[in-house]
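Quick notes on the structure that follows.
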Amino acid sequence: MDSLELQKAVFGLHTRRFGTVAEIMIKKIIKSDTSTKLNYDLFETSSSSRIECKFSRVQKKAELKITENNIFQAIQCEANRDIQYHQWQDYDWDCNIQQVKKEEFDILFYGVFFKDMVLIFKVDSRNIGKDMKYSNKQHRGNTGEGQFHLNRATFKYHLDYHLFKTLTYGELLEWLK
């Protein structure tokens with residue numbers, strides 16, 4: 001597999017499988033262990049840190065709402081929604097980092113997969129708050145679970161304060177080997 005094949009494959013993965021790839025990536029980069037608990041993804045033995053991983057793929061907002069009248073046209077529009085990193089200010093996009101249960105982990109690694117780059121961010125759970133536009137309301141009636149968004153309006157904050165690592169797909173390929 002080369003880096004272009006990796007990029008295409010990552011963007012084609014279903015959500016849970018995509019999340020597993022992100023967890024393995026972080027596990028290898030920080031040299032942690034897989035968690036034996038269900039409430040966080042990884043465990044760093046030397047610091048006894050519970051680590052959660054949350055990642056999303058960056059794509060332009062859909063141009064068309066799918067209706068009975070435009071279904072084929074709307075499906076065709078889906079094929080060209082990927083954004084390169086240098087274009088993050090040029091398009092509307094929204095990556096929702098959700099089901100964030102701050103009490104269940106110590107460190108959150110989160111990030112975005114652009115068409116050409118992967119950006120990884122890191123934050124201590126106690127620092128997840130209003131500066132990140134964190135909302136503790138995700139679903140009606142839920143408690144202890146929230147979300148925040150990475151998008152054109154909020155992305156600079158994450159770049160300035162929480163950027164941990166950037167990877168090309170070639171570098172990601174090497175980490176995953």
Side-chain angles (χ1 to χ4, degrees), residues 1-59 82-86 88 93-129 131-135 138 144-151 154-177:
M1 175 176 275
D2 66 19
S3 59
L4 181 58
E5 291 171 319
L6 176 62
Q7 184 273 335
K8 287 180 179 179
V10 164
F11 272 75
L13 290 170
H14 290 286
T15 304
R16 188 168 304 276
R17 294 174 66 81
F18 171 75
T20 300
V21 169
E23 288 171 22
I24 292 169
M25 172 186 70
I26 295 300
K27 177 182 177 181
K28 289 182 174 246
I29 290 171
I30 66 169
K31 298 176 177 66
S32 66
D33 298 311
T34 302
S35 173
T36 59
K37 311 279 186 199
L38 293 176
N39 47 341
Y40 54 91
D41 300 316
L42 304 171
F43 188 75
E44 214 305 303
T45 307
S46 65
S47 64
S48 296
S49 295
R50 303 167 300 162
I51 299 166
E52 183 70 357
C53 301
K54 300 281 186 184
F55 282 79
S56 185
R57 292 164 280 217
V58 178
Q59 294 186 307
D82 302 341
I83 299 173
Q84 293 191 23
Y85 172 54
H86 74 274
W88 72 264
W93 56 278
D94 187 40
C95 292
N96 186 9
I97 305 299
Q98 58 187 351
Q99 298 177 339
V100 176
K101 302 172 183 115
K102 298 190 315 178
E103 302 302 319
E104 301 289 333
F105 60 85
D106 304 304
I107 298 169
L108 174 64
F109 281 93
Y110 64 102
V112 289
F113 283 69
F114 284 94
K115 183 175 185 175
D116 59 337
M117 297 280 293
V118 179
L119 278 75
I120 303 168
F121 302 94
K122 177 184 177 184
V123 64
D124 288 345
S125 61
R126 66 182 178 274
N127 294 330
I128 298 172
D131 291 340
M132 293 176 73
K133 308 274 191 256
Y134 174 77
S135 169
Q138 184 172 333
E145 181 178 314
Q147 64 184 340
F148 61 93
H149 295 259
L150 284 85
N151 54 43
T154 65
F155 197 58
K156 183 151 179 23
Y157 167 82
H158 297 276
L159 287 171
D160 290 346
Y161 294 101
H162 299 292
L163 184 63
F164 176 75
K165 189 171 201 58
T166 61
L167 298 172
T168 64
Y169 282 89
E171 293 167 330
L172 175 59
L173 187 62
E174 291 304 311
W175 276 109
L176 294 177
K177 285 183 179 178

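Heads up: numbering here begins at 1 and tracks the sequence.
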Using the side chain to side chain contact (heavy atoms under 4.5 Å, CB included) criterion, which residues pair with [X]? Sequence neighbours excluded.
X: Asp94; result: Lys61, His149, Asn151
X: Lys133; result: Thr154
X: Thr34; result: Lys27

Step by step, would you call Tyr157 with His162 a side chain to side chain contact (heavy atoms under 4.5 Å, CB included)? CA-CA 8 Å; Tyr157 167 82; His162 299 292; 3.0 Å; yes
What distance separates [X] [atom1] from [Y] [atom2], expressed to the nearest 0.5 Å?
X: Asn96; Y: Phe148; atom1: CG; atom2: CZ; value: 9.0 Å
X: Ile107; Y: Cys53; atom1: CD1; atom2: SG; value: 10.5 Å
X: Trp175; Y: Leu167; atom1: CH2; atom2: CG; value: 8.0 Å
X: Ile120; Y: Ile26; atom1: CD1; atom2: CD1; value: 4.0 Å

Residues two or more places apart in sequence or in another chain: which of them pass side chain to side chain donor-acceptor pair (under 3.5 Å) with [X]?
X: Asp131; value: none
X: Ser32; value: none
X: Lys28; value: none

Heavy atoms only: give me the nearest [X]-[Y] pair and the separation to one decimal.
X: Phe105; Y: Ser125; result: O-OG, 3.1 Å
X: Trp93; Y: Gln59; result: CB-O, 3.2 Å
X: Ser48; Y: Phe43; result: CA-CZ, 3.6 Å

Decide yes or no on side chain to side chain contact (heavy atoms under 4.5 Å, CB included) for Phe164 and Leu119, but give the supporting numbers first. CA-CA 8 Å; Phe164 176 75; Leu119 278 75; over 6 Å; no
Met25 vs Leu176, side chain to side chain contact (heavy atoms under 4.5 Å, CB included): CA-CA, chis, key distance, verdict: CA-CA 6 Å; Met25 172 186 70; Leu176 294 177; 4.2 Å; yes
Do any pairs count as a salt bridge (Lys or Arg N to Asp or Glu O under 4.0 Å) and have a residue in [range], sequence neighbours left out, and if so which ones?
range: residues 168-177; result: Glu174-Lys177
range: residues 117-128; result: Asp124-Arg126
range: residues 34-52; result: Arg50-Asp106, Glu52-Lys54

Can you check side chain to side chain contact (heavy atoms under 4.5 Å, CB included) on Leu150 and Phe121, steps first, answer last? CA-CA 11 Å; Leu150 284 85; Phe121 302 94; 3.9 Å; yes
Extract all donor-acceptor atom pairs below 3.5 Å that involve side chains of residues 108-117 and protein atoms in other chains or at least two apart in sequence.
{"unit_1": "Tyr110", "atom_1": "OH", "unit_2": "His158", "atom_2": "ND1", "d": "2.6"}
{"unit_1": "Asp116", "atom_1": "OD1", "unit_2": "Tyr85", "atom_2": "N", "d": "2.7"}

Listed partners of Lys101 passing salt bridge (Lys or Arg N to Asp or Glu O under 4.0 Å), at least two apart: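 Partners of Lys101 by the salt bridge (Lys or Arg N to Asp or Glu O under 4.0 Å) criterion, ordered by chain and then number, come out as Glu145.
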Residue pair Val118 / Thr166, side-chain heavy-atom distance below 4.5 Å: no
Show which side-chain atoms of residues 5-24 pair as donor or acceptor with protein atoms under 3.5 Å away, not counting sequence neighbours.
{"unit_1": "Glu5", "atom_1": "OE1", "unit_2": "Asp2", "atom_2": "N", "d": "2.8"}
{"unit_1": "Thr20", "atom_1": "OG1", "unit_2": "Arg16", "atom_2": "O", "d": "3.1"}

Carefully, step by step, assess Thr45 and Asp33 under the rule side-chain hydrogen bond (donor to acceptor under 3.5 Å, both in side chains). CA-CA 7 Å; Thr45 307; Asp33 298 311; 2.7 Å; yes
